[in-house]
Every structure is written in C-alpha cells, then in structure tokens.
Amino acid sequence: MEKCGGNRANQVFWSIFSFLRRCLFLVISARPIPHHIAFIMDGNRRYAKRRKLMEGTGHRVGFVALMSMLTYCYELGVRYVTIYAFSIDNFKRKPEEVQSLMDLMQEKIEELIKEESIVNRYGVKVHFIGNLKLLSEPVWLAAERAMVATANNSRGVLSICIAYTSTDEIVHAVQESCEEKWDEISVLNASGAGYGLDKFGENEKDERENIVKLTDIERHMYMAVAPDPDILIRTSGETRLSNFLLWQSAYCCLYSPSVLWPEIGFRHFVWAILNFQCNRLYLERKKKQS
C-alpha cells in the first residue's frame with residue numbers, strides 16, 4: 001500500500017514538473033532558440049568510479065541523462081541534436097571495455113526503434129555519423145536498422161557520432177571531393193569537352209576556378225545532414241573539443257558545466273539556452289565578418 005502511494009506521489013510530482021517545464025519553455029521561446037545543440041557526454045567513467053559502481057554503470061546512467069536532454073531539446077523546439085557517442089580514439093581502450101561499450105550501444109540503438117521510443121514520440125530522424133565500417137557488424141547493422149526505421153520522421157534530427165573524429169571527417173570530405181572532381185575531369189576529357197587542364201599554370205585565377213572548392217568539401221562532410229551547431233555543451237568542466245565538430249563549431253556558444261554527464265540536469269540546459277540568447281547577436285556578427 002505504501003509503495004502504491006509512493007508511486008502515485010512520484011507520478012504527480014513529475015506531472016507537475018513537466019507542466020512547469022513546458023511553461024518555462026514558452027517563456028524562453030519568446031526569444032530565438034537554437035536550431036542545433038551538440039553534446040560531448042564526458043564523465044561517465046568518473047561518475048561510476050567516484051560512486052564505486054560496476055564498470056559500465058556510468059554509461060547506463062549517462063544514457064538516462066541523454067534521454068532527459070533529448071526530451072528538453074525537442075520540447076523546446078530544437079530541431080537538430082548531435083551527440084558524441086564514441087570516438088575513433090576510444091578503440092585504443094582495453095578490448096573488454098570497448099566490447100562492453102559496443103554491446104551497450106547495440107542494446108540502446110535497438111531501443112531507439114521501438115514504437116514508444118523518444119525518437120518516435122517526437123518524430124525524430126536518426127543519423128549515425130562517422131567511419132561506420134570500423135564498427136562491429138552487429139552494431140553497424142543495428143545502426144542501419146535505426147536509420148531505416150526513422151527515415152520518414154521529419155520533426156527533428158538526431159545525429160549520433162560513433163567511430164568519429166573531426167580530423168577523420170575532414171580527410172574523408174577532402175578525399176571524396178577530390179575523387180568527385182577527378183571523375184568530372186575524366187568524363188569531360190573523354191567526351192572531348194576537356195577541362196582546361198592544359199591551361200593550368202598559366203595564371204592563378206584558372207587554377208583557383210578549377211580546384212576543389214570549400215562548398216565541395218562541406219557537401220561531403222559527414223555532418224552535412226545538419227547546420228553548424230549553435231551551442232556545444234561539454235560536461236565535467238572540460239573546455240577541450242576532443243576532435244569533435246572542429247570544422248563546424250567556429251561560431252557556436254561553448255558551455256562547460258562542472259558536473260559529470262550523468263549529473264547534468266534541467267538547470268544546466270536552461271542556462272545554456274539563456275547564455276546562447278545573450279550572445280547570439282555577437283556570434284552572428286562575427287560570423288558575417290569572417
């Protein structure tokens with residue numbers, strides 16, 4: 001009986017909290033809200049170590065924190081969310097730890113495609129971003145299933161960076177752009193139209209007009225599925241980007257709360273939004289000046 005009463009009180013509390021949260025979001029929405037928020041989820045292992053929890057427990061608690069952040073983002077109307085789930089550098093960790101993380105990742109990816117999942121509740125399309133061929137086959141197949149299952153969702157976009165680093169993304173984009181340009185040159189030369197290669201070196205203008213352009217590289221970026229982030233949040237007080245969205249984050253608001261990722265809460269999210277609103281015009285001016 002006491003347990004039943006406790007559950008009912010808990011439900012009432014969360015219903016009231018949800019109502020008040022939505023009211024606050026209505027007030028916040030009176031000013032421009034970010035289109036894109038990115039998260040570096042730092043501190044899962046330290047959280048478990050400080051509390052003397054089993055290895056891997058920190059990442060499970062961190063997943064709960066992620067679901068809360070996604071809920072806040074989509075309730076506020078943030079269309080694009082990107083999370084740094086697993087770096088290519090993380091493959092250098094102990095094999096048993098990497099395998100444990102891969103198993104957890106597969107489990108959580110499978111949860112994303114359930115009918116009652118957060119991505120289906122808010123109509124979110126899921127993209128997996130990175131060098132996916134580095135993943136184990138079960139994780140890669142799970143990621144493919146999630147992308148197919150959510151392909152028709154259109155109200156939001158969740159980009160999960162897995163087997164990702166920004167340097168790998170940039171190298172990939174440059175390679176793809178060069179290969180595309182070379183294919184264009186080959187087709188034109190084969191058709192007899194030529195590509196002006198015989199004129200290269202005559203003057204710098206000709207060279208600049210025919211080499212790979214910035215727009216070519218940006219089009220081949222893994223993150224071409226989303227605009228540049230407006231806010232980048234990294235927990236545990238760290239101010240490093242750790243090879244995450246280096247190309248895209250030149251003009252975004254950086255926020256580094258001291259809490260570990262599993263401890264991040266509603267107040268941190270609201271503070272990040274208010275900080276963005278205070279600095280938005282300054283950042284837009286700097287972007288136009290570049």
Side-chain angles (χ1 to χ4, degrees), residues 7 10-11 13-19 21-22 25 33-44 47 56-86 90 99-130 132 135-164 222-223 225-227 229 231 233 235 261-266 268-269 272-273:
N7 288 338
N10 196 44
Q11 289 174 359
F13 170 79
W14 285 111
S15 296
I16 294 172
F17 174 70
S18 179
F19 172 74
R21 182 176 72 230
R22 290 172 187 271
F25 283 166
I33 60 172
H35 298 292
H36 184 182
I37 299 179
F39 294 95
I40 299 178
M41 304 180 291
D42 189 20
N44 290 318
Y47 177 87
T57 304
H59 290 91
R60 291 188 176 275
V61 180
F63 181 79
V64 175
L66 171 61
M67 292 300 101
S68 295
M69 289 299 113
L70 292 180
T71 298
Y72 303 154
C73 285
Y74 297 129
E75 280 186 0
L76 181 60
V78 177
R79 179 169 172 76
Y80 297 92
V81 179
T82 299
I83 60 171
Y84 201 5
F86 194 85
N90 290 151
Q99 185 58 51
S100 174
L101 289 172
M102 288 293 118
D103 292 343
L104 177 62
M105 218 168 293
Q106 182 183 351
E107 175 191 328
K108 298 307 178 183
I109 292 172
E110 296 287 0
E111 288 183 14
L112 286 178
I113 58 179
K114 291 181 179 177
E115 188 175 346
E116 68 278 9
S117 71
I118 191 170
V119 296
N120 288 319
R121 195 187 326 147
Y122 291 101
V124 176
K125 180 186 294 187
V126 177
H127 291 284
F128 285 87
I129 304 296
L132 302 185
L135 300 173
S136 63
E137 186 176 358
V139 176
W140 179 79
L141 290 174
E144 285 288 319
R145 286 194 296 272
M147 287 190 283
V148 170
T150 62
N152 294 325
N153 292 347
S154 58
R155 284 186 283 159
V157 176
L158 172 61
S159 299
I160 302 174
C161 293
I162 178 172
Y164 171 93
Y222 295 140
M223 283 300 298
V225 298
I231 303 174
I233 299 174
T235 47
W261 175 254
E263 299 167 332
I264 192 170
F266 181 65
H268 304 107
F269 178 78
I273 301 299

Legend entry - Step-by-step side chain to side chain contact (heavy atoms under 4.5 Å, CB included) determination, Ile231 to Ile273: CA-CA 8 Å; Ile231 303 174; Ile273 301 299; 4.0 Å; yes
Legend entry - Tyr74 ring center near Phe269 ring center (under 6.0 Å): no
Legend entry - From Val124, Val157, Ile37, residue fulfilling side chain to side chain contact (heavy atoms under 4.5 Å, CB included) relative to Tyr80: Val157
Inset, instruction - Kindly assign one of parallel, tilted or perpendicular to the pair Phe17 and Tyr72, based on the angle between their ring planes and the thresholds 30° and 60°. - result: perpendicular
With the side chain counted from C-beta on, respond yes when [X] and [Y] share a heavy-atom pair under 4.5 Å apart, and no when they do not.
| X | Y | answer |
| --- | --- | --- |
| Phe63 | Leu104 | no |
| Thr150 | Leu112 | no |
| Arg145 | Glu110 | yes |
| Tyr122 | Glu75 | yes |

Shortest non-hydrogen contact between [X] and [Y], atoms and distance:
| X | Y | result |
| --- | --- | --- |
| Arg79 | Ser154 | NH1-O, 2.8 Å |
| Pro229 | Ala38 | CB-CB, 4.2 Å |
| Ala149 | Ile113 | CB-CG2, 3.7 Å |
| Trp140 | Leu132 | CD1-O, 3.6 Å |
| Met41 | Thr235 | C-OG1, 4.1 Å |
| Arg121 | Arg155 | O-NH2, 3.4 Å |

So, taking the atom named [atom1] in [X] and the one named [atom2] in [Y], what distance separates them when rounded to the nearest 0.5 Å?
| X | Y | atom1 | atom2 | answer |
| --- | --- | --- | --- | --- |
| Met67 | Glu111 | CE | CD | 8.5 Å |
| Leu135 | Met105 | CG | CE | 7.5 Å |
| Ser136 | Gln106 | OG | CD | 6.5 Å |
| Ile40 | Thr82 | CD1 | OG1 | 11.5 Å |
| Trp261 | Ile233 | CH2 | CD1 | 7.5 Å |
| Tyr84 | Ser159 | OH | OG | 14.5 Å |

Legend entry - Check: Asn120/Ser117 side-chain N/O donor and acceptor closer than 3.5 Å: yes
Inset, instruction - Please test His127 against Tyr222 for side chain to side chain contact (heavy atoms under 4.5 Å, CB included), starting from the C-alpha separation and ending with a verdict. - result: CA-CA 10 Å; His127 291 284; Tyr222 295 140; over 6 Å; no
Legend entry - His268 atom NE2, over 12 foreign heavy atoms within 6.0 Å: yes
Legend entry - Evaluation steps, side chain to side chain contact (heavy atoms under 4.5 Å, CB included), between Ile129 and Val225: CA-CA 9 Å; Ile129 304 296; Val225 298; 4.0 Å; yes
Inset, instruction - Just do the side chain to side chain contact (heavy atoms under 4.5 Å, CB included) check on Val139 and Ile162 with the steps written out, would you? - result: CA-CA 10 Å; Val139 176; Ile162 178 172; 4.2 Å; yes
